[in-house]
Amino acid sequence: MARLTLPPSSPSQVSLPPDKFSAIKTANYTQIPTWVSLRSNSSSLKNPQLQQGRLENVHLVSLSKQGKLKEAHRFLEEMDEAGVSVSPRSYESLLETSGKLRSLSYGKLIHDRLRTTVENPPGFLESRVLQMYCDCGSFWDARKLFDEMRVISMASWVIIISAFAREGLLKDALKLFSQMQNMGIEASPSIYISLLSSLLDSSYLELGKQLHCHVIKSGFYDNVSMDTAITNMYVKCGCLDIAELAFNRMNEKNAVTWTGLMVGYTKAEKQEHAIKLFCSMVKEGVELDEFVFSITLKACAGLKDLEMGRQVHGYIMKLGLEYEVTVGTPLVDFYVKCRSMESACRAFERISEPNDVSWSAIISGYSQIGEFDDCIKIFNSLRSKGVVLNDFIYTSIFQACSVLADLNLGSQAHGDAIKRGLVSYLYGESALITMYAKCGRLDYAYKVFESIDEPDTVAWTAIIAGCACHGTASEALSLFRQMRACGVRPNTVTFIALFTACSHSGLITEAKQYLESMSSEYGVHPIIDHYDCMVDTYSRAGQLEEALELIRTMPFKPDAMSWKSLLGGCLIHRDFKIGEIAAERLLELDPEDTAAYVLMFNLHASSGHWEEAARYRRMMAERDLRKEVSCSWVSINGKVHRFIVGDRHHPQTEEIYSKLQEFKFTRTSNENSFLTEDDASLGLLERKEQLLDHSEKLAIAFGLISTPNNAPIVVFKNLRACKDCHDFAKYVSKVTGRQVVVRDSNRFHHFKSGECSCGDYW
DNA sequence: CTAGGGTTAG
């Protein structure tokens, strides 16, 4: 008899891919036999009748539970040589592990071994093999095995139908279901549950009703799981009223049943109803679990009802569930949505084992309150700690990079996400399009867009918005037509992007047509933002009467944005009469809006009405309002250099200012010299005469001296570009032959040979 | 031996 060598007790040499370690973590280590004792008295070999290979099989199962399939396979071969037979229990475990680890190759090896070495395998092993193929996602193998089965157990029917249903292969699942019926086999509740729960939206309602009829005819009474599945089918198909009926008819309900209905109401934006259900649960004494709190907190978050959420939080603490990640994470999100970042952080710290979802919730929290630097900080620390990152996190990071205009970090994170295989999700890709577009690389944005096989509404919207902010309106409109041709439906945001493109290029007729047809032709009902865009389009184009008329006749009460857009137009086109109206209305709606004061100041100052101008400055001072300090920055070799007006802090200040002097740039038309936002931010009226040290010019000058002669210069600015700096950039591009790109708070300006892509229209 | 529920984002 061959000698049986047992494996060394050192850690296994089998290396599993890192993402499969979870299986090892969940392994039951109590199953590990002490193989030292196995080795010392390998009595089973000496006395086969006594042990019948029991210990070897225990060891085999142990290896399998630890996910050590390679080692298990080696051990199997040794058992063969030793003539020790493999127990059905071992086969069962090996098949289960192969499935869990989605290791088709080992699964197949076990299946082959079972076929060739065991003459009449017990029926349950056959269905275990089937399960393994389904778990590995190899439906072809599963189907082949199934078709070859001589006797099909109910378990096998359940396994294959539920696998097909879960995988979205509904047609195949239904075919098998009717095959069962034709064979006179009655489907079990599990089969109905699988089929019902694969019906994800209202397009399956008819099918769902038919299945419901089958269930009734089959006479299954009071099966909580199945009745829950029926209720949830109606929920997912959008029939909340029917779902509620089905729910009320149930004699016995559990937490799962309640949760399903609450999800439905929350999705339908009827959060109050969901919370009412939660209260009933408490009243009726239903045993609550973590999932109930997840959805309850989501409902509170949707309502931004801080009081309600706090009460729920108290209840959670009473039950000691705040440490659970399934409760703690939605709790974090709830506080984030209620703008209570401090509480969110506290809730986060209580989670005993935060997962990637918890991290994405807290990162998106920082992103939502505008603390983008914090987002990046957390991201970097997670990256270095090797925490699992998901596509949600990357989406937030790309968003942060768009706002910070940090192309460097953005493209690094992009590469990182590719390595982790997280980019293939549309959400992430759309965020990438926006990130590249807002970092000034419309070309990369296009590349990402073109790499998407079937762009969805959001992806199309992202690229259209990208074109809009770069001022390529005709491209935006053409993309919109292509989108329609591809059968993708535009949504509210798509139209905002489209209108933005029109307003930046003065396409009044087009904008008007879209506004009139969006509801009838595209099924998107205009909201006030769309009208505000139209007001903006008219205003920029100088059609101020039309803009005012639209504000007065539109089906919404004008908001601050309506008047702000109009006021902006009045400034460009020097209309005091309408400007005054707009400013008054704007200040009524939002007395803290600094833009109103600055715009009115400029409007009067630009025509020499200094007293009127001063009145607005005084008002601003009295209300203790300050404009955000204007700031421009340029990134050189990954390092960001920031400038404010008159800045002399940069180590190369002398060089920068002498470069500026070189241009001897003088204003082209004196009448157009407004007091700019730069100046207004400092409150220095006398600045009017010396505009050479605006942050934007400093950044451009620094770009000129720090990059090769032919390199384009990309400058970012937190406020809108002023006319003077705009002229300066044009001049620089003409004299130096360099391409200058300026992103202001509104859009991109591409300067080339003395011309700007905005056509002086911004 | 199978089946029912939740949280993150553009």
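Throughout, a chain's letter reflects where its sequence line sits, starting with A, and its residues are numbered from 1. All values below come from the heavy atoms of this structure, side chains included, with hydrogens, waters and symmetry mates left out. Since the model is a prediction, treat every value here as computed from it, not as a measurement.
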For [X], does the [atom1] atom sit with more than 12 other heavy atoms under 6.0 Å from it, leaving out its own atoms?
| X | atom1 | result |
| --- | --- | --- |
| Arg489(A) | CZ | no |
| Arg350(A) | CZ | no |
| Glu287(A) | CD | no |

Roughly how many Å is it from [atom1] in [X] to [atom2] in [N], rounded to a whole number?
| X | N | atom1 | atom2 | value |
| --- | --- | --- | --- | --- |
| Ile362(A) | dT7(B) | CD1 | C1' | 13 Å |
| Phe146(A) | dT2(B) | CZ | C1' | 14 Å |
| Ile159(A) | dC1(B) | CD1 | C1' | 6 Å |
| Met226(A) | dG5(B) | CE | P | 15 Å |
| Tyr335(A) | dT7(B) | OH | C1' | 16 Å |
| Met262(A) | dG4(B) | CE | C1' | 16 Å |
| Asn355(A) | dT7(B) | CG | P | 13 Å |
| Met250(A) | dG5(B) | CE | P | 13 Å |

Looking for any heavy atom pair under 4.0 Å, which part of the strands does [X] touch: base, sugar-phosphate only, or nothing?
| X | answer |
| --- | --- |
| Val224(A) | base |
| Asp227(A) | nothing |
| Ser127(A) | nothing |
| Val357(A) | base |
| Val256(A) | base |
| Gln368(A) | sugar-phosphate |
| Glu290(A) | nothing |
| Ser364(A) | sugar-phosphate |

Can you tell me whether the side chain of Ser294(A) and the base of dT7(B) have a donor-acceptor pair closer than 3.5 Å?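 No pair found.
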
Less than 3.5 Å apart, any donor N or O on the side chain of [X] or [Y] sitting next to an acceptor on the other?
| X | Y | value |
| --- | --- | --- |
| Ser367(A) | Gln399(A) | yes |
| Tyr335(A) | Arg346(A) | no |
| Ser87(A) | Ser90(A) | yes |
| His212(A) | Tyr234(A) | yes |
| Asp416(A) | Tyr394(A) | yes |
| Ser364(A) | Ser396(A) | no |
| Thr329(A) | Ser358(A) | yes |

Does a salt bridge link Lys447(A) with Glu450(A), judged by any charged N lying under 4.0 Å from a carboxylate O?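 Looking at Lys447(A) and Glu450(A), the cut-off is not met.
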
Ring-face cation of Arg143(A) near Phe139(A) (centre distance under 6.0 Å, axis angle within 45°):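 Arg143(A) over Phe139(A) ring: no.
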
Cationic tip of Lys253(A) above Phe247(A) ring, under 6.0 Å, 45° of axis: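 Yes, a cation-pi geometry holds between Lys253(A) and Phe247(A).
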
Side chain of [X] only, please: which of [options] is the nearest?
| X | options | value |
| --- | --- | --- |
| Ser194(A) | dA3(B), dT2(B), dT7(B) | dA3(B) |
| Thr326(A) | dA9(B), dG6(B), dT2(B) | dG6(B) |
| Lys298(A) | dT8(B), dC1(B), dG10(B) | dT8(B) |
| Val263(A) | dT7(B), dG5(B), dA3(B) | dG5(B) |
| Thr259(A) | dG5(B), dA9(B), dT7(B) | dG5(B) |
| Asn254(A) | dG4(B), dA3(B), dG5(B) | dG4(B) |
| Lys337(A) | dG10(B), dT8(B), dG6(B) | dT8(B) |
| Ile295(A) | dT8(B), dG5(B), dG6(B) | dG6(B) |
| Lys267(A) | dG6(B), dT8(B), dC1(B) | dG6(B) |

Parsed dot-bracket for DNA chain B after applying the Watson-Crick and G-U rules with both distances under 3.5 Å and | for other-strand partners is ..........

Between residues 411-418 of chain A and DNA chain B, which residues have a heavy-atom gap below 4.0 Å?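 Heavy-atom contacts with DNA chain B come from no residue of residues 411-418 of chain A; none.
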
Residues from residues 228-242 of chain A lying under 4.0 Å of DNA chain B - heavy atoms: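 Thr228(A), Asn232(A), Lys236(A), in order of number.
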
Output yes when at least one side-chain N/O atom of Gln131(A) is less than 4.0 Å from OP1 or OP2 of dT2(B), else no.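 Affirmative; the distance criterion is met.
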
Examine dT2(B): is either OP1 or OP2 under 4.0 Å from a nitrogen or oxygen in the side chain of Arg166(A)? Give yes or no.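 Checking dT2(B) against Arg166(A), no side-chain N or O comes under 4.0 Å of OP1 or OP2.
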
Met483(A) and Thr494(A), any side-chain heavy atoms less than 4.5 Å apart: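 Contact flag for Thr494(A)/Met483(A) side chains = yes.
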
